[in-house]
**Student:** 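Take this structure first; my questions come after.
Every value quoted in this text rests on a predicted model; they were computed, and no experiment measured them. The first residue of the sequence shown is numbered 1, and numbering continues consecutively from there.
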Amino acid sequence: MKPPPNLNALWARALIDELCAAGASEAAVCPGSRSTPLALACAEEPRLRVRSVVDERSAAFFALGAAKATGRPALVVATSGTAGAHFYPALLEAEAARVPVVALTADRPPELQGFGAPQTIDQQHLYGRHVRFFADLGVPDPTDAALRHLRATAALAAARALGVPRGPVHLNAPFREPLAPEPQPLPPGLSAGATVRVAPGRLEPDPAALDEAARELSRRPRGVIVCGPRDAWDDLPEALQALSAALGYPVLAEAASQVRYRLPGSVAHCDALLKHEPLAGAARPEAVVRMGGGLTSKTLQQWLDGSGAWTLSLTDDGALFDPAHACALAICGDVAAACRELARRLPGPEPRPPALLAAADRIARTALEAAFALETRLSEPGAARELVAALPEGAQLFASSSMPIRDVDAWAAAGAAVRVLANRGVNGIDGIVSTALGAAAASQRPTAVLLGDLALLHDLSGLLAARRLGIPLLVVVVNNDGGGIFNFLPIAQLSEQFEPLFATPHGLDLSHAAALCGASLQRPSTAAELRACVRAGLGSGLHLIEVRTDRAENVARHRELQQIVSAALEAAQ
């Protein structure tokens, strides 16, 4: 690498070097003038894969996806002014979902603040309390002490991003001109400073708390293990298998838990099963072991809340997803380790019949397989189910909030060992394409994204980024011309303003979006056609697969599938 031409370049290189030493390997860089030193420092860093993203909002979601997929800090860089404000939605998701995004905002120097200089706003604590750490790095200072301080601050920021709890951090970097790499003399003997390593903290499960949990659980033979969304691709499925065997409890695993498709026998159709009131009552647990984020199924959450069960929460970082305050004991620390240690402390269950929910799930699977096999035209649940079934082992699916994640969670029971990611921190539908794109780029896994038409329109910039960067992405969009989830709400029948204010039909032809971004477009109408499109397009270029549906018919199909499950359960009694 060439020696830095000036102080700005030296300063920016030291900053990026320190972040890469902490594990950063992905950066989304937005165009701008004030951020020139940061952009060039990123581009010159061999440990960093740099992607140029035009739209700051899209770039921040791209970094979010990269950090979700790798578990390592991902950088997003913007110039001064309103540019950094567009990071806000992605950083809110990163905060809630514990994702280590590093926001780097360039800024004007102090002498240009407050007196009408263009492209200047107050960037101090721009994201308020929604980041784990903030520091203003100050204008570059030509002293060894200042460079050491810069490095220490960057190392501390990275440690906070990766610490307990994980989350986004913000570093604000003001620069004076020259911003371009114009050669200027550096003070004699000025060094880039030594790299500082700040090891992020970790939580280990408390042995005494594990002993207490084992005693309580061993007294309650009827219980469930519930896994919500969790990004980590670790050995949790194996640990859960041991814990389930020791307790005799079934594992109820969400699609985005990284457990469902890696743990044979996990219960998948919780939402449909628990809407059948006789089963829900008969299967009421005495104990619940809870891990992962907020549950997608409202039915499952309400069943747990109303059970009165003794509840154990296992949490990697101390976060409690317990809206009814039902938790009796929370154990903080590595969740997989906690499961293994709990299993080791338990004597093992007394011989008894298979868990009721596990047996019911097998009945539901058989009934639904027959029902979906009779579909002559793809429904929204059918599209989610077939997409998961068509993905090969090792592939990655990003499921949008609103109906797509609900349909994947409720109906896509079987599949290869695929990774399912979703933005379930604050459950927004913004930035979905960009987040999926970042996950695809960082993981190098063949990646599909399932989303609705409104989510696609929210993030057309993601398609632009995919086109510019040449990152393969399979975009499956369920187009019901509006916000289909609102048709499930009472407002759909109670107001003549429902269509313009809630359903919001747009009437757009999505082929124009595909043409604009150079994506191929297919419109399958059957399960076989969808599977063929997925297998042909996955991992090779930008492809848009549009599944056209009707919002009213979608509500009816969901109710019909629920009736099929209930009828199968009644017949099995």
**Student:** Ignoring hydrogens and geometry beyond distance, is a side-chain donor-acceptor pair present between H506 and D453 at under 3.5 Å?
**Tutor:**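 Looking only at side-chain atoms, D453 and H506 do form a donor-acceptor pair, the distance falling under 3.5 Å.
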
**Student:** Measuring from atom CG of L530 to atom CZ of R523, what distance do you get when rounded to the nearest 0.5 angstrom?
**Tutor:**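 Answer rounded to 0.5 Å: 14.5 Å.
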
**Student:** Are the side chains of V267 and L273 in touch, meaning some heavy atoms are under 4.5 Å apart?
**Tutor:**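 The answer is yes, as the side chains (C-beta and beyond) meet within the 4.5 Å cut-off.
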
**Student:** Could you state the interatomic distance from CG (L91) to NE2 (H130), rounded to the nearest 0.5 Å?
**Tutor:**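 Between atom CG of L91 and atom NE2 of H130 there are 10.0 Å.
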
**Student:** Contact between L473 and V433 at the side-chain level, heavy atoms closer than 4.5 Å - yes or no?
**Tutor:**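 SC-SC contact between L473 and V433 confirmed.
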
**Student:** Give a yes or no on whether the backbone of G71 and the side-chain of R166 come within a donor-acceptor separation of less than 3.5 Å.
**Tutor:**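 Pair found, side chain donor or acceptor close to backbone of G71.
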
**Student:** Should R531 and P524 count as side-chain neighbours, where that means a heavy-atom distance under 4.5 Å?
**Tutor:**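 Not touching, per the 4.5 Å side-chain cut-off.
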
**Student:** For the residue pair M403 and N554, what are the closest heavy atoms and their distance?
**Tutor:**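 Heavy atoms of M403 and N554 come nearest at CE-ND2, 4.5 Å.
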
**Student:** Taking it one step at a time, do L312 and W310 satisfy side chain to side chain contact (heavy atoms under 4.5 Å, CB included)?
**Tutor:** CA-CA 7 Å; L312 168 67; W310 186 89; 3.7 Å; yes

**Student:** Identify the two heavy atoms, one from L469 and one from S52, that lie closest to each other, and give their separation to 0.1 Å.
**Tutor:**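 Result for this residue pair: CD2-O, 3.6 Å.
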
**Student:** If we count only N and O atoms by modelled type, under 3.5 Å, do the side chains of E529 and S525 hold a donor and an acceptor together?
**Tutor:**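 Yes - a donor-acceptor pair under 3.5 Å links their side chains.
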
**Student:** Inspect the surroundings of CZ in R467 and state if more than 12 heavy atoms from other residues, nucleotides or ligands are less than 6.0 Å away.
**Tutor:**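 At most 12 heavy atoms, drawn from other residues, nucleotides or ligands, come within 6.0 Å of this atom.
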
**Student:** Keeping the roles fixed (side chain from S400, backbone from P404), state whether a donor-acceptor pair exists under 3.5 Å.
**Tutor:**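 The answer is no, because no donor-acceptor pair under 3.5 Å joins these two groups.
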
**Student:** Please check: side-chain N/O of Q444 versus main-chain N/O of A441, any donor-acceptor pairing under 3.5 Å?
**Tutor:**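 Checking the backbone N and O of A441 against the side chain of Q444, a donor-acceptor pair under 3.5 Å is found.
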
**Student:** Can you name the nearest heavy-atom pair linking A326 to T311, along with the distance?
**Tutor:**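 Heavy-atom minimum between the residues: O-CB, 3.6 Å.
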
**Student:** Would you list the atom pairs, donor with acceptor, under 3.5 Å between side chains in residues 58-69 and any protein atom, with sequence neighbours excluded?
**Tutor:**
| residue | atom | partner | partner atom | Å |
| --- | --- | --- | --- | --- |
| S58 | OG | S434 | OG | 2.6 |
| K68 | NZ | D231 | OD1 | 3.2 |
| K68 | NZ | D231 | OD2 | 2.9 |
| K68 | NZ | A422 | O | 3.1 |

**Student:** Between E380 and R406, does any side-chain N to carboxylate O distance fall below 4.0 Å?
**Tutor:**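 Between R406 and E380 there is no salt bridge, as every charged N stays at least 4.0 Å from the carboxylate O atoms.
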
**Student:** Have S379 and E375 got a donor and an acceptor in their side chains that come within less than 3.5 Å?
**Tutor:**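 A pair is found: one side chain offers a donor N or O, the other an acceptor, under 3.5 Å apart.
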
**Student:** Which heavy atom of V388 sits nearest to which heavy atom of A412, and what is that distance?
**Tutor:**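 The answer is CG2-CB, 3.7 Å.
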
**Student:** Using the rule given for side chain to side chain contact (heavy atoms under 4.5 Å, CB included), can you reason through K275 versus Q563, listing the C-alpha separation, both sets of side-chain angles and the distance that settles it, and then say yes or no?
**Tutor:** CA-CA 10 Å; K275 284 176 180 171; Q563 291 169 357; over 6 Å; no

**Student:** Under 3.5 Å, is there a donor-acceptor pair between the S443 and Q396 side chains?
**Tutor:**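 Side-chain D/A pair, S443 to Q396: present.
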
**Student:** For residues L454 and T504, determine if any side-chain heavy atom of one lies less than 4.5 Å from a side-chain heavy atom of the other.
**Tutor:**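 Sidechains of T504 and L454: in contact.
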
**Student:** So how far is it from H458 NE2 to I429 CD1, rounded to the nearest 0.5 Å?
**Tutor:**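 H458 atom NE2 to I429 atom CD1 measures 4.0 Å (nearest 0.5 Å).
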
**Student:** Is any side-chain heavy atom of C227 less than 4.5 Å from a side-chain heavy atom of L240?
**Tutor:**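 Side chain of C227 against side chain of L240, heavy atoms only: contact under 4.5 Å found.
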
**Student:** Apply salt bridge (Lys or Arg N to Asp or Glu O under 4.0 Å) to residues D317 and R98 and explain how you reach the verdict.
**Tutor:** CA-CA 9 Å; D317 61 9; R98 274 77 176 154; 3.1 Å; yes

**Student:** Between the side chains of R424 and S401, does any donor sit under 3.5 Å from an acceptor?
**Tutor:**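 Side-chain D/A pair, R424 to S401: present.
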
**Student:** So does A280 get a backbone contact from the side chain of W303, meaning a donor-acceptor N/O pair under 3.5 Å?
**Tutor:**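 Pair found, side chain donor or acceptor close to backbone of A280.
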
**Student:** Could you pull out the closest heavy-atom pair between Q522 and C533, with the gap in Å?
**Tutor:**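 Taking Q522 first and C533 second, the nearest heavy atoms are CB-SG, 3.6 Å.
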
**Student:** Between D305 and R284 (salt bridge meaning N to carboxylate O under 4.0 Å), is one present in this structure?
**Tutor:**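 Salt bridge flag = no for R284 with D305.
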
**Student:** Between S257 and A255, is there a donor-acceptor pair closer than 3.5 Å when you use the side chain of the first and the backbone of the second?
**Tutor:**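 Side chain of S257 to backbone of A255: no pair is present.
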
**Student:** Do the side chains of L521 and L510 get nearer than 4.5 Å, heavy atoms only?
**Tutor:**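 Not in contact.
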
**Student:** How long is the span from the CG atom in L314 to the SG atom in C327, to the nearest 0.5 Å?
**Tutor:**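 It comes to 9.0 Å.
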
**Student:** Between R51 and E26 (salt bridge meaning N to carboxylate O under 4.0 Å), is one present in this structure?
**Tutor:**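 Salt bridge present between R51 and E26.
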
**Student:** Nearest 0.5 Å, what's the OG1-CG distance between T549 and L378?
**Tutor:**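 Interatomic distance, T549 OG1 to L378 CG, rounded to 0.5 Å: 10.0 Å.
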
**Student:** Check whether more than 12 heavy atoms from other residues, nucleotides or ligands sit under 6.0 Å from atom CD of Q241, and answer yes or no.
**Tutor:**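 No, the 6.0 Å shell around CD holds no more than 12 heavy atoms from other groups.
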
**Student:** Of all the heavy-atom pairs spanning A410 and H269, show the shortest one and how long it is.
**Tutor:**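 So the two residues come closest at O-CD2, 3.0 Å.
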
**Student:** Supply the atom-to-atom distance S566 OG to L561 CG, rounded to the nearest 0.5 angstrom.
**Tutor:**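 Going from the OG atom of S566 to the CG atom of L561 covers 11.0 Å.
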
**Student:** Between L391 and L397, is the side chain to side chain contact (heavy atoms under 4.5 Å, CB included) condition met? List the steps.
**Tutor:** CA-CA 8 Å; L391 294 174; L397 171 64; 3.8 Å; yes

**Student:** Side chains of P381 and H558, heavy atoms from C-beta outward: is any pair under 4.5 Å?
**Tutor:**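 P381 reaches H558 side chain to side chain.
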
**Student:** By the side chain to side chain donor-acceptor pair (under 3.5 Å) test, which pairs, at least two apart or in different chains, include something from residues 258-268?
**Tutor:**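 Passing the test, one end in residues 258-268: R260-D409.
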
**Student:** Any donor and acceptor pair, going by atom type alone, linking the side chain of E93 with main-chain N or O of G425 inside 3.5 Å?
**Tutor:**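 Pair found, side chain donor or acceptor close to backbone of G425.
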
**Student:** Would T447 and L474 count as a side chain to side chain contact (heavy atoms under 4.5 Å, CB included) if you check the C-alpha gap in whole Å, the side-chain angles of each, and the deciding distance to 0.1 Å?
**Tutor:** CA-CA 6 Å; T447 300; L474 186 78; over 6 Å; no

**Student:** Tell me every residue that passes ring-ring contact (aromatic ring centres under 6.0 Å, His included) with Y127, counting only those two or more places apart in sequence or in another chain.
**Tutor:**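 If we apply the ring-ring contact (aromatic ring centres under 6.0 Å, His included) test to Y127, skipping adjacent residues, the hits are H170.
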
**Student:** Any Lys/Arg nitrogen of R385 or D407 sitting under 4.0 Å from an Asp/Glu carboxylate oxygen of the other?
**Tutor:**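 Salt bridge between R385 and D407, a charged N being under 4.0 Å from a carboxylate O: no.
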
**Student:** Salt bridge (Lys or Arg N to Asp or Glu O under 4.0 Å), that's the test. Do D271 and K298 meet it? Break it down for me.
**Tutor:** CA-CA 8 Å; D271 193 75; K298 184 177 180 181; over 6 Å; no

**Student:** Between R557 and F488, is NZ or CZ placed under 6.0 angstrom from the six-membered ring centre and within 45° of the ring axis?
**Tutor:**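 Here R557 fails the 6.0 Å and 45° test against F488.
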
**Student:** Between D316 and V335, is there a donor-acceptor pair closer than 3.5 Å when you use the side chain of the first and the backbone of the second?
**Tutor:**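 Checking the backbone N and O of V335 against the side chain of D316, a donor-acceptor pair under 3.5 Å is found.
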
**Student:** Are P285 and R222 close enough that some pair of their side-chain heavy atoms sits under 4.5 Å apart?
**Tutor:**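 Side chain of P285 against side chain of R222, heavy atoms only: no contact under 4.5 Å found.
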
**Student:** Does a donor on one side chain and an acceptor on the other come within less than 3.5 Å for R548 and N479?
**Tutor:**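 There is no such pair (donor and acceptor under 3.5 Å, judged by atom type) between the side chains of R548 and N479.
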
**Student:** Backbone N or O of E95 within a donor-acceptor pair of the R132 side chain at under 3.5 Å?
**Tutor:**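 Judged by distance alone, yes, a pair lies under 3.5 Å.
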
